[in-house]
Amino acid sequence: MKSFMKFSPIFITLLIGQFSSAQLSDNLYVNGGILSSNSVTDVYQFNAGFSVPIFKNEKNSFSLGFDYKYTNYSFVDEDVPFSFDQLEQFYTYTPTLKYAHAFSNKWSLIIKGGGQLATNYDTNDFKDSYYFNGTILVRKTDSTTNSSWTFGATYNPQYGFRTPIPVIAYTKQATERWSYQIGIPEMYTKYIVGKAHTFSAFAKLDGFMGTFNDNLEIRTESYEDTGILRQTYVLAGFGYDLNLWKNSKLQLKAGKTFYNDLSILDPENNEVYNFDIEDSFYINLGINWTIPNKLLD
């Protein structure tokens, strides 16, 4: 395992890059990706979901959402003291409710929360497979400078953490074609070419957490119990968006991790085995259709 302390200054700066404006927007999406590691495992993911407004006016908006994620670990390292059978396929279901309120033309509040089931379905006992995720943000928008500040916190075990993560970000539309965001959670820069093409560079946090519901025997640790497979990685890369039709985009992202941690936890979240995984290459392709909502966009 790479030393966390060695990377902690960069890690904290780039924390929760996956938490982007796209996650706040009302939208429909589908994407698939791979995180490739030659020495331990390739990780394949398929993700689909939606967030649609069920009520909105000038000051308030309620949205209902659902996210489905299939995660497949294709292990190649056989020199481990256990069987991979319970660690290869996981299914994550996340219903969400989102509320946005505009206090004024400058200040707004966004609250998002939901339950989560993340399991390998080895048994029908899901008592340790339920999680909660939530986000609360305050946003200050300045129309004269085309910029905004966002403050708050987010909690989502699918980043590989069981603690809240702070959110502090400055976003600016610098020119008609160029925009950027710095801070916590996400750092990116985007540039629009013509009417249909957007190029970007980004850094983000991503990960996974899911429960295996049948006993796993780890021989070297004298461990035999249910538990949790968790992964956390920070990656940087480049993106390309192609406008397909109104409010819809084909999105391609590719990059490489510079922090990557994969481990098995016991039901009390104590680490019992670490895979010592190397940095990995990443690629993701998807389609996103945004539903306009001025309180969220």
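Position 1 is the first residue of the sequence; numbering continues from there. In this text, all values refer to a predicted model and were calculated from it rather than measured experimentally.
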- Query: Centre of Tyr170's six-membered ring, under 6.0 Å away, within 45 degrees of the axis: is that where NZ or CZ of Lys172 sits?
  - Reply: no

- Item | Backbone N/O of Tyr68 and side chain of Asn47: donor-acceptor pair under 3.5 Å | yes

- Message: Under a 3.5 Å distance rule, please check whether Ser263 uses its side chain to pair with a backbone N or O of Val272 as donor and acceptor.
- Response: no

- For residues Leu252 and Leu285, determine if any side-chain heavy atom of one lies less than 4.5 Å from a side-chain heavy atom of the other. yes

- Report yes or no: do Leu35 and Val40 belong to one cluster of Ile/Leu/Val/Met/Phe/Trp/Tyr joined by side chain heavy-atom distances under 4.5 Å? yes

- Query: If you group Ile, Leu, Val, Met, Phe, Trp and Tyr by side-chain heavy-atom gaps below 4.5 Å, do Ile34 and Phe238 land in one group?
  - Reply: no

- Note on the structure: Tightest non-hydrogen contact, residues Ile228 and Asp266, listed as CD1-O, 4.1 Å

- Query: Does a sphere of radius 6.0 Å around NZ in Lys140 hold more than 12 heavy atoms from other residues, nucleotides or ligands, not counting ones at 6.0 Å or beyond?
  - Reply: yes

- Query: How about Asp241 and Ser200: do any of their side-chain heavy atoms sit closer than 4.5 Å?
  - Reply: no

- Grab the two heavy atoms, one from Pro292 and one from Asn247, that are nearest each other, plus how far apart they are. CG-ND2, 3.7 Å

- In this structure, OH of Tyr188 is separated from CD1 of Ile182 (nearest 0.5 Å) by 11.0 Å

- Query: Is the backbone of Lys195 close enough, under 3.5 Å, to the side chain of Asn243 for a donor and an acceptor to pair up by distance?
  - Reply: yes

- Query: Quick one: are Thr135 and Val167 in side-chain contact, heavy atoms under 4.5 Å?
  - Reply: no

- Task: Report the relative orientation of the aromatic rings in Phe66 and Tyr93; use parallel for angles under 30°, tilted for 30 to 60°, perpendicular for over 60°.
- Result: tilted

- Message: Please determine whether side chain to side chain donor-acceptor pair (under 3.5 Å) holds for the pair Asp279 and Thr257, giving the CA-CA distance in whole Å, both sets of side-chain angles, and the decisive distance to 0.1 Å.
- Response: CA-CA 5 Å; Asp279 286 328; Thr257 67; 3.3 Å; yes

- Note on the structure: Interatomic distance, OG1@Thr119 vs OH@Tyr130, rounded to 0.5 Å, equals 9.0 Å

- For Asn288 against Gln251, the heavy-atom pair lying closest together: CB-OE1, 3.6 Å

- Message: Is it the case that the side chain of Thr41 and the backbone of Val43 share a donor-acceptor pair, with hydrogens and angles ignored and the cut-off at 3.5 Å?
- Response: no

- Query: Does a side-chain heavy-atom distance below 4.5 Å link Lys294 with Glu58?
  - Reply: yes

- For Phe281, look at atom CZ and say whether over 12 heavy atoms of other residues, nucleotides or ligands are found less than 6.0 Å away. no

- Thr171 (side chain) donor-acceptor with Ser148 (main chain) under 3.5 angstrom: no

- Query: Mind checking what makes side-chain contact (heavy atoms from CB on, under 4.5 Å) contact with Thr94, not counting sequence neighbours?
  - Reply: Asp67, Thr92, Thr96, Gln116, Asn133

- Query: For the atom pair CG (Leu87) and CD (Gln89), what is the distance rounded to the nearest 0.5 Å?
  - Reply: 11.5 Å

- No-hydrogen, no-angle side-chain donor-acceptor test under 3.5 Å, Asn27 and Thr290: no

- Item | Val193 side chain near Tyr191 side chain, heavy-atom distance below 4.5 Å | yes

- Message: Give me the atom names and distance for the closest heavy-atom approach of Gly286 to Asn31.
- Response: CA-CB, 3.6 Å

- Task: Check whether Val30 and Ile291 end up in the same hydrophobic cluster, where Ile, Leu, Val, Met, Phe, Trp and Tyr are linked by side-chain heavy atoms less than 4.5 Å apart.
- Result: yes

- Query: Should the ring pair Phe75 and Tyr73 be called parallel, tilted or perpendicular, given that the plane angle runs from 0 to 90° and is split at 30 and 60?
  - Reply: parallel

- CA sep, side-chain torsions, deciding dist, call: Asn260, Gln231, side chain to side chain donor-acceptor pair (under 3.5 Å): CA-CA 7 Å; Asn260 196 5; Gln231 183 174 16; 3.1 Å; yes

- Could you give me the CA-CA distance, side-chain angles and deciding distance for Trp245 and Ser248, then say whether side chain to side chain donor-acceptor pair (under 3.5 Å) is met? CA-CA 5 Å; Trp245 55 86; Ser248 67; 3.2 Å; yes

- Can you find a pair of side-chain heavy atoms, one from Asp42 and one from Asn72, that are under 4.5 Å apart? no

- Item | Verdict with supporting geometry, Tyr273 and Phe275, ring-ring contact (aromatic ring centres under 6.0 Å, His included) | CA-CA 7 Å; Tyr273 186 85; Phe275 287 88; 5.3 Å; yes

- At their closest point, which heavy atom of Tyr131 faces which heavy atom of Ala118, and how far apart are they? CE1-CB, 3.8 Å

- Message: Within the structure provided, determine whether His197 and Leu242 are in side-chain contact (heavy-atom separation under 4.5 Å).
- Response: yes

- Could you state the interatomic distance from CG (Asp26) to CH2 (Trp289), rounded to the nearest 0.5 Å? 10.5 Å

- Query: Atom CH2 in Trp107, atom NE2 in His101: separation rounded to 0.5 Å?
  - Reply: 13.5 Å

- Query: Would a distance-only check, ignoring hydrogens and angles, find a side-chain to backbone donor-acceptor pair under 3.5 Å from Arg177 to Thr198?
  - Reply: no

- Message: Donor-acceptor check, side chain of Gln173 to backbone of Asn146, threshold 3.5 angstrom: yes or no?
- Response: no

- Kindly indicate whether the side chain of Lys256, heavy atoms from C-beta on, has any atom under 4.5 Å from the side chain of Phe258. no

- Item | Verdict with supporting geometry, Leu28 and Ile287, side chain to side chain contact (heavy atoms under 4.5 Å, CB included) | CA-CA 8 Å; Leu28 288 82; Ile287 295 177; over 6 Å; no

- Measuring from Phe199:CZ to Thr189:OG1, what's the distance to the nearest 0.5 Å? 13.0 Å

- Taking the side chain from Arg139 and the backbone from Ser108, do they hold a donor-acceptor pair closer than 3.5 Å? no

- Message: Students often mix this up, so state it plainly: with edges at 30° and 60°, are the rings of Tyr233 and Tyr282 parallel, tilted or perpendicular?
- Response: tilted

- Message: Would a single hydrophobic cluster contain both Val52 and Ile111, if residues Ile, Leu, Val, Met, Phe, Trp and Tyr are joined by side-chain heavy-atom contacts under 4.5 Å?
- Response: no

- Query: Of the non-hydrogen atoms in Gln45 and Gly207, which two are nearest, and what is the gap between them?
  - Reply: NE2-O, 4.3 Å

- Task: Using the test side-chain contact (heavy atoms from CB on, under 4.5 Å), find all partners of Asn105 that sit at least two apart in sequence or belong to another chain.
- Result: none

